[in-house]
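What follows is a set of notes on a single structure, which appears directly below.
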Amino acid sequence: MALLDVTDLSVVFRRRGEEPFTAVDKVSFSVEPGQTVGLVGESGCGKSVTSLAIMGLLPKRGNQVTGSVRYEGTELLSLSPDQMRARRGKDLGMVFQDPLSSLNPVIPIGIQVTEVLEKHRGMPRRKAMIEAEDLLNRVGIPDPRRRLTEYPHQLSGGMRQRALIAIALACRPRVLIADEPTTALDVTIQAQILALLKELVTDTGTALIMITHDLGVVAGLCDQVNVLYGGRVVERAGRHELFELPRHPYTHGLLASIPRLDLEGDRLVPIPGSVADNIPWDGGCAFAPRCANQIADCTARTPELTGDQQRLLLCHNPMEVAVR
Amino acid sequence: MTEMLTGRKERIDRLAGDASVGRSLWSEAFRRMRRSPVAITGAVLVAAFLLLAAFAPLIAPHSATERFPQLLQDLRADHIPGAQPGFPLGSDQLGHDLFSRLLLASQQTLLVAVAATVFGMAVGMLIGGTAGALGGWVDNVLMRLVDVLLSFPSLLLAISIAALFSQGSQWTVIIAVSTVAVPVFARLLRGSMLAQRHSEYVLAARATGVKPAAIVFRHMLPNSLGPVLVQATLTLAISILEAAALSYLGLGDPNPDRAEWGLMLANAQRYFDVSPQLSFYPAIAIIVVALGFTLLGESMREALDPKNRR
């Protein structure tokens, strides 16, 4: 039994007057303590919705969440809202994409860190303040005592993201979900934040779910990678296997579209088209319209997941060659 | 709410010892306002008005209701005595000292405007805050009620409400003017609360397991207060105008001895060709005070506008 087990997680948006839309379609994966699992894909592939569904943060209205999310064997999806709230922040932490808009602009950083400590660990404020100082110190914020009294707009982007990580870590959650934590940061800061996350995972044995569209982040951090397309896992592999031989044409395309200086030719290789609004997984492969490797089967019947837990593939006609 | 925040801030400041102190958005806005000539003009006008109102009984040379023989002896239907020693602005149509009445009326204006704004804001924030925090059908019901109030032109609504009372008094004016302000505050607070509801930091706070009530009071409400404060300042100006209008129309306290700018204006208009200054002074007083609050409110709006940050 893994620390966090996600099985057949589906999220269907049901809006009045609109066709139901399946944003996440039977996604399964699991995370062990000290392991980093990546969810990779382009915008609209369902990776953020997956994370919100795990955290129980999707609005009840208009969203139908099915499947199973087990934390140490406890089914999170069947918990009451109050029970789930008690676990958020304590068992499961989350770091968001935009550090500025994810911090409350009118409250000093210190209060935002201590809020969690007071709530989940029942600390009196004075003690929580000392702990908060310690936390900021741990995530590498210089002069933490002063920073506690400052407001988000007075911190730099990297420092804000560190503060957010400190908030997420305040109650030592065993599972941390990072939703594109480096997208809003410039590259040098990105590297620092990734190093920080990596250190946390190895030092504290936190299980990290890394949500990203950035394959560089995947290469640097993830033990196992799940590539999502149209709400489904289309390929799962260990980091090295994935970069060595991507089997799914989509993964292949993602890797081939990374700009490279060491190869001849100056044109980038894009994947044509974009994620379709309505995912037609029924009666065919959703990626088929954009796929260079398409065969007759791709538009005739829905592909099924093949392989074992370590290496999964959802494709009729996988690639056999490495990227260039 | 702001007191609550500053209270917290002080506590951390103490903990932080001598370390330099964070600057809140409010103090940032205040800093920007100090540099704006519009804000300073507004603040000076408002401050002057507040000081005059506070010390009116000390500054005014006479009482507002006393009728003076030396003024009355020259007072005829076609002649109203002008400025003379002891009476800097001369007499009004009843032999009162015009200057003293103008000064003392400022207290009346301040009381009505502040009371109407505070009541309107309190009720409006309660309605809007509830709607914005709970959403769903509560929001729908409350907002449709607000829509009904908003569908009447504000002055017409105020007149209708004031007319419901058989006996006009300053309280009927306050009730009428504050009722008109309620839907404005309700809609404003509800709108900005709804915007906060879907903001990322509310999501982030939920992700740390903060209780819904704490999210409303600690995260959503303080972030929604900026526009409400701006509106409060502007509502003060509108209340002054509306209260004056109601008195002018005879819907306030009808006692002619009472010093009130709108009432003074109404009573003076019959003498407009004989003594235009009788209308001029209260009109100017109303305009200047309303202008002061409006300038202050507008510059506050500008200073709090996130687009102007840094």
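Per chain, numbering begins at 1; letters A, B, ... match sequence-line order.
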Counting only heavy atoms closer than 4.5 Å, note whether [X] contacts chain B via side chain, backbone, both or neither.
| X | result |
| --- | --- |
| A:Asp98 | both |
| A:Leu52 | side chain |
| A:Leu103 | backbone |

Checklist entry - Going by atom types alone, do B:His219 and A:Glu115 pair a side-chain donor with an acceptor below 3.5 Å? => result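 Distance-only check passes for B:His219 and A:Glu115.
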
Which heavy atom of [X] sits nearest a heavy atom of [Y], and at what distance?
| X | Y | answer |
| --- | --- | --- |
| A:Gly56 | B:Arg206 | O-NH2, 4.5 Å |
| B:Pro212 | A:Arg85 | CD-NH1, 3.3 Å |
| B:Ala204 | A:Ser102 | CB-O, 3.4 Å |
| B:Leu203 | A:Phe96 | CD2-CE2, 3.4 Å |

Next on the checklist: I want to check something: taking the side chain as every heavy atom from C-beta on, are B:Pro222 and A:Ile107 in contact at a cut-off of under 4.5 Å?
Outcome noted: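 No, their side chains stay 4.5 Å or more apart.
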
Next on the checklist: Return the CD to CG distance between B:Gln196 and A:Asn104, rounded to the nearest 0.5 Å.
Outcome noted: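 Nearest 0.5 Å value for the CD-CG distance: 8.0 Å.
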
Item to check | side chain to side chain donor-acceptor pair (under 3.5 Å) involving A:Arg138 - partner list, sequence neighbours excluded | outcome: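 Testing A:Arg138 for side chain to side chain donor-acceptor pair (under 3.5 Å), a comparison that skips the adjacent residues, returns none.
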
Next on the checklist: I need the contact set between residues 203-210 of chain A and chain B: heavy-atom distance under 4.5 Å, sorted by residue number.
Outcome noted: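 From residues 203-210 of chain A, none sit under 4.5 Å of chain B.
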
